[in-house]
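Note sheet for the following structure.
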Amino acid sequence: MKRKIELYGRLRDAGLGSSVSVDLPENATARQALAVLKSAFGAKASLLQGCALATDEAVLASGDALPAGRLALLPPVCGG
Amino acid sequence: MKRKIELYGRLRDAGLGSSVSVDLPENATARQALAVLKSAFGAKASLLQGCALATDEAVLASGDALPAGRLALLPPVCGG
Amino acid sequence: MRRLSFVTAARLDHAALCRAVSSPNHGALASFVGTVRAVHAGRRVKAVSYDCFVPLAEKELARIKAAAERRWPARVAVAHRTGRLKVGEASVAIAAGCGHRAEAFAACRFVIEEIKRRVPVWKKEHYVSGDGRWLAGCALHRRRA
Amino acid sequence: MRRLSFVTAARLDHAALCRAVSSPNHGALASFVGTVRAVHAGRRVKAVSYDCFVPLAEKELARIKAAAERRWPARVAVAHRTGRLKVGEASVAIAAGCGHRAEAFAACRFVIEEIKRRVPVWKKEHYVSGDGRWLAGCALHRRRA
(Lines give C-alpha, C1' and ligand atoms only; values in the text may rest on other atoms or scores of the structure.)
Protein backbone atom coordinates (compact mmCIF):
# COMPACT_ATOMS: atom_id res chain seq x y z
CA MET A 1 0.00 0.00 0.00
CA LYS A 2 1.07 3.58 -0.70
CA ARG A 3 1.90 5.68 2.34
CA LYS A 4 2.74 9.36 2.35
CA ILE A 5 5.66 10.26 4.61
CA GLU A 6 6.15 13.92 5.55
CA LEU A 7 9.70 15.26 5.55
CA TYR A 8 11.12 17.80 8.01
CA GLY A 9 14.28 19.78 8.69
CA ARG A 10 17.28 18.88 6.54
CA LEU A 11 15.16 16.26 4.71
CA ARG A 12 13.34 19.07 2.95
CA ASP A 13 16.60 19.82 1.11
CA ALA A 14 16.84 16.32 -0.40
CA GLY A 15 15.08 17.48 -3.56
CA LEU A 16 12.03 15.36 -2.76
CA GLY A 17 9.73 18.17 -1.63
CA SER A 18 7.91 18.15 1.71
CA SER A 19 6.79 14.52 1.52
CA VAL A 20 7.46 11.24 -0.29
CA SER A 21 5.04 8.53 -1.24
CA VAL A 22 6.38 5.00 -0.75
CA ASP A 23 4.97 1.52 -1.38
CA LEU A 24 4.95 -0.50 1.85
CA PRO A 25 3.81 -4.05 2.71
CA GLU A 26 0.67 -4.38 4.82
CA ASN A 27 1.56 -4.06 8.55
CA ALA A 28 5.03 -2.80 7.75
CA THR A 29 7.15 -1.87 10.75
CA ALA A 30 9.03 1.41 11.15
CA ARG A 31 12.26 -0.50 10.41
CA GLN A 32 10.87 -1.82 7.11
CA ALA A 33 9.61 1.62 6.18
CA LEU A 34 13.02 3.15 6.84
CA ALA A 35 14.64 0.58 4.52
CA VAL A 36 12.19 1.50 1.75
CA LEU A 37 12.82 5.23 2.40
CA LYS A 38 16.54 4.61 2.08
CA SER A 39 16.02 3.46 -1.51
CA ALA A 40 13.70 6.40 -2.19
CA PHE A 41 16.41 8.81 -1.03
CA GLY A 42 19.00 7.15 -3.32
CA ALA A 43 22.22 9.18 -3.32
CA LYS A 44 20.83 11.30 -0.43
CA ALA A 45 20.30 8.26 1.84
CA SER A 46 22.92 9.53 4.32
CA LEU A 47 20.40 12.23 5.30
CA LEU A 48 18.43 9.44 7.02
CA GLN A 49 21.09 8.90 9.68
CA GLY A 50 19.59 9.45 13.10
CA CYS A 51 16.07 9.90 11.67
CA ALA A 52 12.97 8.40 13.27
CA LEU A 53 9.45 7.81 12.05
CA ALA A 54 6.64 9.36 14.04
CA THR A 55 2.91 9.84 14.07
CA ASP A 56 1.33 13.06 15.23
CA GLU A 57 1.15 11.43 18.69
CA ALA A 58 4.53 9.79 19.22
CA VAL A 59 7.87 8.66 17.86
CA LEU A 60 7.81 5.02 16.71
CA ALA A 61 10.23 2.33 17.85
CA SER A 62 11.78 0.37 14.99
CA GLY A 63 9.65 -2.72 15.69
CA ASP A 64 6.35 -0.79 15.82
CA ALA A 65 3.87 -1.38 13.02
CA LEU A 66 2.99 1.84 11.18
CA PRO A 67 -0.40 3.01 12.43
CA ALA A 68 -2.99 4.78 10.25
CA GLY A 69 -2.87 8.58 10.08
CA ARG A 70 -0.06 11.04 9.51
CA LEU A 71 3.48 9.73 9.28
CA ALA A 72 6.56 11.90 9.42
CA LEU A 73 10.27 11.25 9.05
CA LEU A 74 12.10 13.33 11.67
CA PRO A 75 15.83 14.16 11.71
CA PRO A 76 17.63 14.78 15.00
CA VAL A 77 15.94 17.75 16.66
CA CYS A 78 17.42 21.07 17.73
CA GLY A 79 14.66 23.28 19.01
CA GLY A 80 14.85 25.91 21.69
CA MET B 1 30.76 63.26 70.43
CA LYS B 2 27.11 62.76 69.47
CA ARG B 3 26.44 60.46 66.52
CA LYS B 4 23.09 59.77 64.93
CA ILE B 5 22.49 56.10 64.14
CA GLU B 6 19.68 55.24 61.73
CA LEU B 7 17.50 52.25 62.61
CA TYR B 8 16.04 49.76 60.14
CA GLY B 9 13.74 46.74 60.01
CA ARG B 10 12.66 45.37 63.38
CA LEU B 11 14.66 48.11 65.14
CA ARG B 12 12.04 50.60 64.04
CA ASP B 13 9.62 48.87 66.41
CA ALA B 14 11.81 49.46 69.49
CA GLY B 15 9.96 52.64 70.33
CA LEU B 16 13.01 54.77 69.53
CA GLY B 17 11.83 56.11 66.17
CA SER B 18 13.86 55.86 62.99
CA SER B 19 17.17 56.88 64.58
CA VAL B 20 18.94 57.26 67.93
CA SER B 21 21.52 59.78 68.98
CA VAL B 22 24.31 58.36 71.15
CA ASP B 23 27.36 59.83 72.84
CA LEU B 24 30.53 58.11 71.62
CA PRO B 25 34.23 58.55 72.39
CA GLU B 26 36.40 60.07 69.64
CA ASN B 27 37.54 57.32 67.22
CA ALA B 28 35.08 54.84 68.68
CA THR B 29 35.02 51.43 67.02
CA ALA B 30 31.88 49.67 65.82
CA ARG B 31 32.19 47.32 68.80
CA GLN B 32 32.23 50.26 71.24
CA ALA B 33 29.29 51.87 69.48
CA LEU B 34 27.28 48.63 69.72
CA ALA B 35 27.93 48.50 73.48
CA VAL B 36 26.62 52.06 73.86
CA LEU B 37 23.61 51.24 71.67
CA LYS B 38 22.86 48.25 73.90
CA SER B 39 22.37 50.61 76.84
CA ALA B 40 20.28 52.96 74.72
CA PHE B 41 17.96 50.08 73.80
CA GLY B 42 17.60 49.09 77.48
CA ALA B 43 14.92 46.39 77.81
CA LYS B 44 14.84 46.05 74.02
CA ALA B 45 18.57 45.24 73.78
CA SER B 46 17.83 41.71 72.54
CA LEU B 47 16.76 43.34 69.24
CA LEU B 48 20.44 44.05 68.64
CA GLN B 49 21.31 40.36 68.23
CA GLY B 50 22.84 39.80 64.82
CA CYS B 51 22.86 43.52 64.01
CA ALA B 52 25.76 45.27 62.28
CA LEU B 53 26.77 48.89 61.88
CA ALA B 54 27.19 50.19 58.37
CA THR B 55 27.90 53.33 56.41
CA ASP B 56 26.19 54.06 53.14
CA GLU B 57 29.16 52.32 51.48
CA ALA B 58 29.80 49.18 53.49
CA VAL B 59 29.14 47.10 56.58
CA LEU B 60 31.70 47.73 59.34
CA ALA B 61 33.76 45.05 61.08
CA SER B 62 33.67 45.27 64.86
CA GLY B 63 37.20 46.66 65.07
CA ASP B 64 36.62 49.37 62.44
CA ALA B 65 36.59 52.99 63.63
CA LEU B 66 33.33 54.75 62.82
CA PRO B 67 33.90 56.95 59.78
CA ALA B 68 32.20 60.30 59.19
CA GLY B 69 28.90 60.34 57.33
CA ARG B 70 25.72 58.30 57.66
CA LEU B 71 25.69 55.44 60.12
CA ALA B 72 23.01 52.78 60.27
CA LEU B 73 22.27 49.84 62.53
CA LEU B 74 21.17 46.91 60.37
CA PRO B 75 19.38 43.77 61.58
CA PRO B 76 19.80 40.47 59.73
CA VAL B 77 18.54 41.05 56.17
CA CYS B 78 15.79 39.24 54.29
CA GLY B 79 15.33 40.89 50.94
CA GLY B 80 14.26 39.31 47.69
CA MET C 1 -3.97 33.04 27.38
CA ARG C 2 -5.93 30.14 25.93
CA ARG C 3 -3.31 27.40 26.00
CA LEU C 4 -0.27 27.13 28.22
CA SER C 5 1.83 25.06 25.79
CA PHE C 6 1.82 25.73 22.08
CA VAL C 7 3.66 26.28 18.82
CA THR C 8 3.05 29.50 16.93
CA ALA C 9 4.20 31.40 13.88
CA ALA C 10 3.46 34.67 15.70
CA ARG C 11 5.88 36.69 17.80
CA LEU C 12 6.18 35.21 21.31
CA ASP C 13 4.65 37.16 24.19
CA HIS C 14 6.96 36.54 27.15
CA ALA C 15 4.97 38.79 29.46
CA ALA C 16 1.73 36.97 28.70
CA LEU C 17 3.33 33.62 29.57
CA CYS C 18 4.57 35.08 32.86
CA ARG C 19 1.11 36.42 33.69
CA ALA C 20 -0.46 33.09 32.77
CA VAL C 21 1.44 31.20 35.48
CA SER C 22 1.15 33.79 38.21
CA SER C 23 -0.77 32.99 41.38
CA PRO C 24 -1.17 34.54 44.83
CA ASN C 25 0.32 31.28 46.15
CA HIS C 26 3.59 31.81 44.31
CA GLY C 27 6.59 33.66 45.64
CA ALA C 28 8.80 32.95 42.62
CA LEU C 29 8.61 33.22 38.87
CA ALA C 30 11.53 31.97 36.77
CA SER C 31 11.45 32.49 33.05
CA PHE C 32 13.61 31.78 30.04
CA VAL C 33 13.67 33.20 26.54
CA GLY C 34 15.81 31.78 23.74
CA THR C 35 16.74 34.28 21.02
CA VAL C 36 18.46 34.21 17.65
CA ARG C 37 22.15 35.15 17.97
CA ALA C 38 24.08 37.28 15.50
CA VAL C 39 27.04 34.91 15.54
CA HIS C 40 27.04 31.15 15.89
CA ALA C 41 30.02 28.81 15.63
CA GLY C 42 32.03 31.65 14.13
CA ARG C 43 29.51 32.42 11.35
CA ARG C 44 27.60 35.70 11.06
CA VAL C 45 23.92 34.85 11.19
CA LYS C 46 21.23 36.90 9.43
CA ALA C 47 18.20 34.80 10.35
CA VAL C 48 17.16 31.34 11.50
CA SER C 49 14.27 29.32 10.06
CA TYR C 50 12.48 27.04 12.51
CA ASP C 51 10.80 24.03 10.93
CA CYS C 52 8.42 22.02 13.11
CA PHE C 53 6.18 18.94 12.99
CA VAL C 54 3.48 20.88 14.77
CA PRO C 55 0.99 18.25 16.02
CA LEU C 56 3.68 16.14 17.69
CA ALA C 57 5.59 19.21 18.89
CA GLU C 58 2.50 20.53 20.68
CA LYS C 59 1.91 17.14 22.29
CA GLU C 60 5.52 16.97 23.43
CA LEU C 61 5.34 20.50 24.86
CA ALA C 62 2.18 19.52 26.76
CA ARG C 63 3.92 16.38 28.07
CA ILE C 64 6.96 18.37 29.19
CA LYS C 65 4.76 20.92 30.94
CA ALA C 66 2.84 18.10 32.68
CA ALA C 67 6.09 16.36 33.69
CA ALA C 68 7.45 19.58 35.20
CA GLU C 69 4.20 20.18 37.08
CA ARG C 70 4.25 16.62 38.45
CA ARG C 71 7.85 16.95 39.57
CA TRP C 72 7.61 20.42 41.15
CA PRO C 73 4.65 22.32 42.66
CA ALA C 74 4.80 24.62 39.65
CA ARG C 75 2.62 26.20 37.02
CA VAL C 76 4.37 26.19 33.66
CA ALA C 77 3.72 27.94 30.35
CA VAL C 78 5.78 27.32 27.23
CA ALA C 79 5.64 28.48 23.62
CA HIS C 80 7.86 27.68 20.64
CA ARG C 81 7.98 29.78 17.53
CA THR C 82 8.18 28.59 13.92
CA GLY C 83 9.14 30.31 10.67
CA ARG C 84 11.96 32.64 9.76
CA LEU C 85 13.27 34.73 12.69
CA LYS C 86 15.67 37.64 12.58
CA VAL C 87 18.55 38.14 15.00
CA GLY C 88 17.23 39.03 18.46
CA GLU C 89 13.80 37.49 17.95
CA ALA C 90 12.58 34.94 20.50
CA SER C 91 12.34 31.31 19.41
CA VAL C 92 11.17 29.87 22.71
CA ALA C 93 9.73 31.31 25.92
CA ILE C 94 9.10 29.52 29.20
CA ALA C 95 7.64 30.70 32.50
CA ALA C 96 7.49 28.70 35.73
CA GLY C 97 5.66 30.01 38.78
CA CYS C 98 6.24 28.28 42.13
CA GLY C 99 6.08 28.81 45.85
CA HIS C 100 9.85 29.05 46.10
CA ARG C 101 12.74 30.03 43.86
CA ALA C 102 14.70 26.77 43.77
CA GLU C 103 11.69 24.96 42.33
CA ALA C 104 10.91 27.74 39.88
CA PHE C 105 14.46 27.70 38.48
CA ALA C 106 14.55 23.89 38.35
CA ALA C 107 11.21 23.62 36.56
CA CYS C 108 12.14 26.31 34.04
CA ARG C 109 15.52 24.72 33.32
CA PHE C 110 13.94 21.26 32.98
CA VAL C 111 11.53 22.52 30.34
CA ILE C 112 14.21 24.01 28.08
CA GLU C 113 16.43 20.93 28.40
CA GLU C 114 13.55 18.63 27.51
CA ILE C 115 12.57 20.81 24.55
CA LYS C 116 16.05 20.42 23.12
CA ARG C 117 15.93 16.65 23.54
CA ARG C 118 12.49 15.75 22.33
CA VAL C 119 10.41 18.42 20.61
CA PRO C 120 10.40 18.01 16.80
CA VAL C 121 11.84 21.37 15.78
CA TRP C 122 14.75 22.04 13.41
CA LYS C 123 16.83 25.17 12.84
CA LYS C 124 18.32 26.30 9.56
CA GLU C 125 20.77 29.16 9.96
CA HIS C 126 20.97 31.73 7.18
CA TYR C 127 24.34 33.44 7.05
CA VAL C 128 25.24 36.98 6.08
CA SER C 129 27.45 35.41 3.41
CA GLY C 130 24.32 34.09 1.66
CA ASP C 131 24.48 30.36 2.38
CA GLY C 132 22.64 28.39 5.04
CA ARG C 133 22.84 25.21 7.08
CA TRP C 134 20.55 22.91 9.03
CA LEU C 135 21.99 22.40 12.50
CA ALA C 136 22.83 19.02 13.96
CA GLY C 137 20.68 17.82 16.84
CA CYS C 138 19.42 15.05 19.10
CA ALA C 139 18.09 11.84 17.55
CA LEU C 140 14.52 11.05 18.64
CA HIS C 141 13.52 7.80 20.32
CA ARG C 142 10.20 6.35 21.30
CA ARG C 143 9.29 7.22 24.86
CA ARG C 144 7.06 5.26 27.16
CA ALA C 145 4.05 7.35 28.11
CA MET D 1 16.41 52.17 31.36
CA ARG D 2 18.81 54.56 33.03
CA ARG D 3 20.36 52.31 35.64
CA LEU D 4 20.66 48.54 35.60
CA SER D 5 20.69 48.07 39.39
CA PHE D 6 18.45 50.07 41.66
CA VAL D 7 15.98 50.29 44.52
CA THR D 8 12.60 51.86 43.86
CA ALA D 9 9.28 52.56 45.51
CA ALA D 10 7.57 52.22 42.12
CA ARG D 11 6.09 49.07 40.62
CA LEU D 12 8.83 46.91 39.07
CA ASP D 13 8.93 46.65 35.28
CA HIS D 14 10.11 43.11 34.55
CA ALA D 15 9.83 43.56 30.77
CA ALA D 16 12.00 46.69 30.85
CA LEU D 17 14.72 44.84 32.76
CA CYS D 18 14.61 42.03 30.19
CA ARG D 19 14.89 44.50 27.31
CA ALA D 20 17.75 46.31 29.05
CA VAL D 21 19.99 43.23 29.01
CA SER D 22 19.12 42.02 25.53
CA SER D 23 21.81 41.92 22.86
CA PRO D 24 22.18 40.42 19.39
CA ASN D 25 25.06 38.42 20.85
CA HIS D 26 22.81 36.66 23.35
CA GLY D 27 20.96 33.43 22.76
CA ALA D 28 19.55 33.19 26.28
CA LEU D 29 17.68 35.37 28.73
CA ALA D 30 16.92 34.03 32.21
CA SER D 31 14.83 36.10 34.54
CA PHE D 32 13.43 35.91 38.04
CA VAL D 33 10.64 37.76 39.80
CA GLY D 34 9.94 37.43 43.50
CA THR D 35 6.35 38.15 44.53
CA VAL D 36 4.38 38.53 47.74
CA ARG D 37 2.64 35.26 48.66
CA ALA D 38 -0.85 34.99 50.14
CA VAL D 39 0.29 32.44 52.71
CA HIS D 40 3.63 32.23 54.49
CA ALA D 41 4.59 29.83 57.27
CA GLY D 42 0.92 28.97 57.71
CA ARG D 43 -0.20 32.61 58.14
CA ARG D 44 -2.55 34.39 55.73
CA VAL D 45 -0.69 37.43 54.44
CA LYS D 46 -2.41 40.64 53.38
CA ALA D 47 0.67 42.69 52.49
CA VAL D 48 4.41 42.91 53.07
CA SER D 49 6.33 46.10 53.89
CA TYR D 50 9.90 46.28 52.57
CA ASP D 51 12.22 48.50 54.56
CA CYS D 52 15.59 49.32 53.02
CA PHE D 53 18.80 51.22 53.77
CA VAL D 54 18.76 52.57 50.23
CA PRO D 55 22.28 53.97 49.63
CA LEU D 56 24.00 50.79 50.79
CA ALA D 57 21.39 48.56 49.13
CA GLU D 58 22.01 50.21 45.77
CA LYS D 59 25.75 49.81 46.17
CA GLU D 60 25.34 46.15 47.08
CA LEU D 61 23.07 45.57 44.09
CA ALA D 62 25.68 47.19 41.83
CA ARG D 63 28.39 44.99 43.38
CA ILE D 64 26.32 41.85 42.89
CA LYS D 65 25.62 42.79 39.27
CA ALA D 66 29.34 43.43 38.69
CA ALA D 67 30.30 40.13 40.36
CA ALA D 68 27.87 38.20 38.16
CA GLU D 69 29.17 39.94 35.04
CA ARG D 70 32.76 39.13 36.01
CA ARG D 71 31.94 35.49 36.64
CA TRP D 72 29.79 34.88 33.55
CA PRO D 73 29.74 36.57 30.13
CA ALA D 74 26.41 38.09 31.09
CA ARG D 75 24.54 41.36 31.13
CA VAL D 76 22.52 41.70 34.32
CA ALA D 77 19.75 44.04 35.44
CA VAL D 78 18.25 43.97 38.92
CA ALA D 79 15.70 46.05 40.80
CA HIS D 80 14.36 45.78 44.35
CA ARG D 81 11.17 47.36 45.50
CA THR D 82 10.48 49.15 48.79
CA GLY D 83 7.30 50.09 50.59
CA ARG D 84 4.07 48.23 51.26
CA LEU D 85 3.26 45.58 48.65
CA LYS D 86 0.03 43.64 48.23
CA VAL D 87 -0.16 39.91 47.54
CA GLY D 88 1.05 39.16 44.00
CA GLU D 89 3.14 42.34 43.66
CA ALA D 90 6.79 41.94 42.67
CA SER D 91 9.43 42.70 45.30
CA VAL D 92 12.48 41.89 43.19
CA ALA D 93 13.14 41.40 39.48
CA ILE D 94 16.31 40.14 37.83
CA ALA D 95 17.22 39.60 34.18
CA ALA D 96 20.42 37.97 32.89
CA GLY D 97 21.23 37.87 29.19
CA CYS D 98 24.02 35.57 27.99
CA GLY D 99 25.30 33.69 24.99
CA HIS D 100 24.09 30.39 26.39
CA ARG D 101 21.39 29.18 28.74
CA ALA D 102 23.51 27.55 31.44
CA GLU D 103 25.29 30.85 32.11
CA ALA D 104 22.07 32.84 32.01
CA PHE D 105 20.42 30.61 34.61
CA ALA D 106 23.55 30.57 36.78
CA ALA D 107 23.96 34.34 36.71
CA CYS D 108 20.28 34.95 37.49
CA ARG D 109 20.30 32.48 40.37
CA PHE D 110 23.53 33.94 41.76
CA VAL D 111 21.99 37.41 41.89
CA ILE D 112 18.92 36.39 43.89
CA GLU D 113 21.00 34.31 46.32
CA GLU D 114 23.40 37.20 46.90
CA ILE D 115 20.52 39.63 47.39
CA LYS D 116 19.16 37.47 50.19
CA ARG D 117 22.58 37.31 51.86
CA ARG D 118 23.81 40.85 51.67
CA VAL D 119 21.40 43.56 50.53
CA PRO D 120 20.03 45.63 53.45
CA VAL D 121 16.31 44.98 53.01
CA TRP D 122 13.82 43.82 55.64
CA LYS D 123 10.33 42.42 55.30
CA LYS D 124 7.45 42.93 57.68
CA GLU D 125 4.50 40.67 56.96
CA HIS D 126 1.02 42.04 57.65
CA TYR D 127 -1.48 39.29 58.35
CA VAL D 128 -5.18 39.09 57.54
CA SER D 129 -5.71 38.66 61.29
CA GLY D 130 -4.43 42.21 61.82
CA ASP D 131 -1.03 41.64 63.40
CA GLY D 132 2.38 41.76 61.74
CA ARG D 133 5.90 40.45 62.07
CA TRP D 134 9.42 41.32 60.91
CA LEU D 135 10.96 38.22 59.33
CA ALA D 136 14.21 36.67 60.48
CA GLY D 137 17.16 36.97 58.14
CA CYS D 138 20.88 36.77 57.46
CA ALA D 139 23.29 38.70 59.69
CA LEU D 140 25.49 41.10 57.73
CA HIS D 141 29.28 41.00 57.83
CA ARG D 142 31.94 43.25 56.41
CA ARG D 143 33.08 42.11 52.99
CA ARG D 144 36.42 42.75 51.45
CA ALA D 145 35.99 44.76 48.26
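Values reported hereafter were calculated over all heavy atoms of this structure, with side chains retained and with hydrogens, waters and symmetry mates removed. Order of the sequence lines fixes the chain letters, A, B, ..., with proteins taken first and strands second; residue numbering starts at 1 for each chain. In this text, all values refer to a predicted model and were calculated from it rather than measured experimentally.
Here the shortest heavy-atom pairing between C/Cys18 and D/His14 reads SG-CE1, 3.8 Å.
With a threshold of 4.5 angstrom between heavy atoms, C/Cys108 approaches chain D through its backbone and through its side chain. Contacts of C/Val87 with chain D are made by side-chain atoms alone, with heavy-atom separations under 4.5 Å and no backbone atom involved. Proximity to chain D (any heavy atom under 4.5 Å) is shown, for C/Ser22, by neither the backbone nor the side chain. With a 4.5 Å cut-off on non-hydrogen atoms, D/Ala15 does not touch chain C at all. For chain D, no part of C/His40 is nearby; none of its heavy atoms comes within less than 4.5 Å. Contacts between C/Lys86 and chain D at a heavy-atom distance below 4.5 Å are absent for every atom of the residue. Contact annotation for C/Ala102: both backbone and side-chain heavy atoms come within less than 4.5 Å of a heavy atom of chain D.
Across D/Ala104, D/Gly99, D/Ala90, the residue that shares the most heavy-atom pairs under 4.5 angstrom with chain C is D/Gly99. Among D/Ala95, D/Ser91, D/Ala38, D/Ser31, the residue making the largest number of heavy-atom pairs under 4.5 Å with chain C is D/Ser31. Of the residues considered (C/Thr35, C/Val39, C/Val92), C/Thr35 shows the highest number of contacts with chain D, using heavy-atom pairs under 4.5 Å. Per-residue counts of heavy-atom pairs under 4.5 Å with chain D were compared for C/Gly88, C/Ala28, C/Gly97; the largest is that of C/Ala28.
Taking 4.5 Å as the limit, every side-chain heavy atom of D/Arg109 sits out of range of all side-chain heavy atoms of C/Arg109. Between D/Asn25 and C/Arg37 there is no side-chain heavy-atom pair separated by less than 4.5 Å.
Ring geometry, C/Phe32 versus D/Phe105: the interplanar angle falls under 30°, so the pair is classed parallel (tilted spans 30 to 60°).
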